[in-house]
Protein chains: 2
Amino acid sequence: MKMSDRKKKILQIVVDEYIHSAVPVSSKVIAEKHLQGVSSATVRNELASLEELGYLTQFHTSGGRVPSPQAYRFYIEELMQRGNLSESDLDYIESAFSERSGDVEHLIKSVSKVISDLTDYTSVGIGPHADEETIRNLTLLPCGEGRALLVIVTGTRILRDSFIDIPESMADADVENASRVLAKLFEGKALSEARTVGEEALAEFGQYRQVMREVIDALKTYSRPRDEDVVLTGADKIFNHPEYEDIENVKNFLTVISSKDKIAELIGDDNDEIQISVRIGSGEDDVPEDCSVVTATYAAGGKNLGTYGVIGPMRMDYTKVITVLENVGKALEELVGGRIKDKKDNKDHE
Amino acid sequence: MKMSDRKKKILQIVVDEYIHSAVPVSSKVIAEKHLQGVSSATVRNELASLEELGYLTQFHTSGGRVPSPQAYRFYIEELMQRGNLSESDLDYIESAFSERSGDVEHLIKSVSKVISDLTDYTSVGIGPHADEETIRNLTLLPCGEGRALLVIVTGTRILRDSFIDIPESMADADVENASRVLAKLFEGKALSEARTVGEEALAEFGQYRQVMREVIDALKTYSRPRDEDVVLTGADKIFNHPEYEDIENVKNFLTVISSKDKIAELIGDDNDEIQISVRIGSGEDDVPEDCSVVTATYAAGGKNLGTYGVIGPMRMDYTKVITVLENVGKALEELVGGRIKDKKDNKDHE
DNA sequence: TGTTAGCACTCTCAACCTCAAAGTGCTAAC
DNA sequence: GTTAGCACTTTGAGGTTGAGAGTGCTAACA
């Protein structure tokens with residue numbers, strides 16, 4: 001069966017209305033509030049037909065209609081009316097990003113907080129995966145007792161450090177020496193590339209082979225996000241949405257949310273190309289039953305900036321969420337793009 | 001009124017029974033299950049008296065008795081029977097701490113996880129506050145474009161780093177030079193001490209005064225715990241306890257738990273001397289209504305190792321929790337005490 | 001052929017009742 | 001001081017009722 005324009009219109013009304021009222025939608029309110037000139041009986045016929053097509057369901061005979069996951073998908077693809085953010089929302093984004101401090105940790109938290117505050121949903125995010133970042137600076141610092149600290153600073157100022165074991169026989173001077181050699185070898189390379197380069201150069205390292213091995217191992221761990229790069233903001237915001245009066249939903253939600261690993265899995269960068277992804281839970285993937293996860297993968301100047309989004313009830317205000325995600329993306333691009341230029345002004349006010 | 005021995009005994013039975021059953025305790029079960037030789041009517045008289053003294057309450061006339069906060073306090077101070085951990089619990093602690101990797105982040109997470117797993121409550125923790133740590137190694141690394149990275153490694157391998165702004169006129173060699181001067185000045189000092197030393201030396205720094213200023217500012221931020229030093233493990237464990245069938249309790253809980261700042265406030269080091277602290281929520285302090293927070297502050301070799309504990313319902317298994325906290329403390333002390341000795345063995349298996 | 005008024009039907013939800021079960025307080029006897 | 005016994009209170013499950021909401025269907029209408 002082909003979807004008539006009126007069916008689409010009615011479906012759109014049902015989804016919009018349900019998203020904003022959280023109450024099953026009846027033929028009466030559609031006819032009286034949104035579709036003047038048509039009687040409720042006519043709407044009822046259309047509703048019955050939309051139900052047959054799989055877009056609507058009802059909990060019981062006299063309960064009004066509720067959109068199915070399929071309806072939400074259709075809504076997002078075809079029916080949703082893109083809006084603009086209010087002035088105050090735009091101002092909020094701008095002010096939140098204006099106090100720029102170099103490090104990513106801070107940026108990750110800001111992005112997540114902005115998204116959560118503006119959408120009123122719980123925000124999840126995962127920072128830039130460093131794998132393709134260029135090593136700007138690599139240093140090995142002696143820390144006594146057979147240990148050294150490996151510090152790596154990359155292009156967009158992602159900082160990684162970890163301790164590595166070194167032979168106890170190595171004096172501080174040896175370490176400094178090794179540091180210079182490693183720096184020469186690795187600086188300017190991407191982290192992923194560095195691993196290969198390291199493996200190849202392994203043979204030349206003679207007695208310090210062990211050190212090189214450790215450095216390569218450390219480089220490997222950088223391909224996975226650290227716990228600190230996974231953020232969660234506004235977990236308590238779920239209580240602003242009536243579906244979470246039901247303890248079962250809260251349980252589902254909290255179980256996912258309580259482990260950084262699970263969050264990372266949920267929003268993990270399965271696909272770099274996708275700008276905005278909407279996933280509606282129905283038991284298939286990691287998305288909890290009755291939940292939706294909307295994420296955006298950000299990039300600027302060819303650099304991945306991480307994936308951020310919200311997790312909330314299936315009855316989510318997709319329009320608002322997507323608009324916020326888009327605007328945050330734009331702001332982020334400007335911020336990162338304009339950072340070098342702005343650096344001078346940024347010094348005096350501290 | 002003086003508390004007779006029998007009253008104490010009965011109070012202890014009520015608290016124990018309620019902790020384990022979560023059901024209001026009746027005179028009948030006390031007399032039949034725990035206090036043979038006395039009739040339920042006698043117990044009833046005692047219960048009425050204990051209620052008058054403020055130790056017990058009942059939700060309604062025929063509902064059995066429930067301990068009041070005052071009863072829990074009394075129980076913890078006088079009545080609780082200290083127990084030992086089971087073999088398997090002890091093994092678990094040992095195995096969890098046996099794979100030692102130098103960095104504190106890892107340790108913090110392990111401690112918190114062990115506590116949560118063994119107690120079956122949500123565990124909260126805050127890592128060692130670095131303020132009294134000795135600076136073992138301080139380095140300033142040039143990062144181009146008027147920025148440098150300040151890396152500080154302290155005694156128990158707490159690692160802190162942050163970017164600081166430097167005059168753009170400074171060449172890499174200048175930075176390295178400054179790094180040497182700063183290292184000489186600060187190494188061996190405690191972080192708190194370093195701030196004063198820095199302020200005093202400020203005048204001598206001439207054109208690099210600005211750099212020194214930034215370093216001191218960075219040192220200041222180390223006195224507060226970072227978000228990463230505040231841990232939360234097993235938030236979903238609350239659903240194993242019947243009080244969290246009630247959505248209101250979950251709300252209270254999640255609201256506190258959802259912000260690292262609030263957690264830090266909750267368990268913040270108000271008192272270094274206290275080994276184990278039990279706080280029972282009744283709206284006075286940060287502890288949420290109907291919740292208890294039990295924490296232990298750990299130290300070894302004169303070094304603070306952080307504060308860890310659990311947050312859960314007032315009807316908490318205090319005996320188990322306190323036993324676990326004590327045993328974790330012992331294990332931690334051994335671990336940190338024995339670390340230098342063990343370092344050699346620890347290398348081969350990687 | 002599409003639309004609509006009208007009505008019977010279904011389902012929920014709150015209010016109310018009833019009744020058994022649990023536990024207490026009190027009294028009188030030991 | 002202890003206890004048996006009993007009246008009293010309260011809860012909670014189960015059942016009933018009636019109002020309200022919303023639908024599906026039918027028959028009439030444009």
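Heavy-atom basis, side chains included; hydrogens, waters and symmetry copies ignored. Proteins come first, then strands; the chains are lettered A, B, ... in the order of their sequence lines, and each starts at number 1.
Partner of L56(A) under the side-chain contact (heavy atoms from CB on, under 4.5 Å) criterion, out of V15(A), V66(A), L50(A), V25(A): L50(A) alone.
Distances from the side chain of S26(B) to the nucleotides dT24(C), dT11(D), dT4(C) place dT24(C) closest. Out of dG25(C), dT2(D), dG24(D), the shortest distance to the side chain of R6(B) is found at dT2(D). Side chain of R65(B), nearest nucleotide from dT3(D), dA5(C), dG25(C): dG25(C). In this structure, of dT3(D), dT24(C), dT23(D), it is dT23(D) that holds the atom nearest to the side chain of Q58(A).
Using the Watson-Crick or G-U wobble rule with both distances under 3.5 Å, dA29(C) pairs with dT2(D). Nucleotide dA13(D) forms a Watson-Crick or G-U wobble pair with dT18(C), both donor-acceptor distances falling under 3.5 Å. Base-pair partner of dA30(D): dT1(C) (Watson-Crick or G-U wobble, both distances under 3.5 Å).
If you measure from atom CG of L47(B) to atom P of dG23(C), you get 12 Å, rounded to the nearest angstrom. Atom-to-atom, CD1 of I10(B) to P of dT24(C) comes out at 12 Å; the value is rounded to the nearest Å. L50(B) places its CG atom 12 Å from the P atom of dG25(C), with the value rounded to the nearest Å. Distance, L56(B) CG to dG25(C) P: 11 Å, rounded to whole Å. Between the C1' atom of dG25(C) and the CD atom of E46(B) lies a distance of 15 Å, rounded to the nearest Å. Atom CD in E17(B) sits about 11 Å away from atom P in dG23(C), given to the nearest Å. Following rounding to the nearest Å, K7(B) (NZ) and dG1(D) (P) show an atom-to-atom distance of 10 Å. Per the geometry, CD1 belonging to I30(A) stands 15 Å off P belonging to dT3(C), to the nearest Å.
Taking the six-membered ring where the residue is Trp, H241(A) and Y121(A) present parallel rings, their angle staying beneath 30° rather than reaching 60°.
D89(B) and K320(B) are joined by a salt bridge, as a carboxylate oxygen and a charged side-chain nitrogen come within less than 4.0 angstrom of each other. Salt-bridge annotation for K237(B) and D117(B): present, with a side-chain N of the basic residue lying under 4.0 Å from a carboxylate O of the acidic one. The residues D5(B) and K9(B) are annotated as not salt-bridged, no charged nitrogen and carboxylate oxygen being separated by less than 4.0 angstrom.
For the pair S62(B) and N45(B), nearest-nucleotide mapping onto DNA chain C gives the more 5' position to S62(B).
Contact annotation for S40(A): no contact, since no heavy-atom pair falls under 4.0 Å across all strands.
Between T42(A) and dT4(C) there is a side-chain N or O to OP1 or OP2 distance below 4.0 Å.
R44(B) contributes a side-chain N or O that forms a donor-acceptor pair with the base of dG5(D) under 3.5 Å. For a distance-only test at 3.5 Å, the side chain of T61(B) fails to qualify as a donor-acceptor partner of the base of dT10(D).
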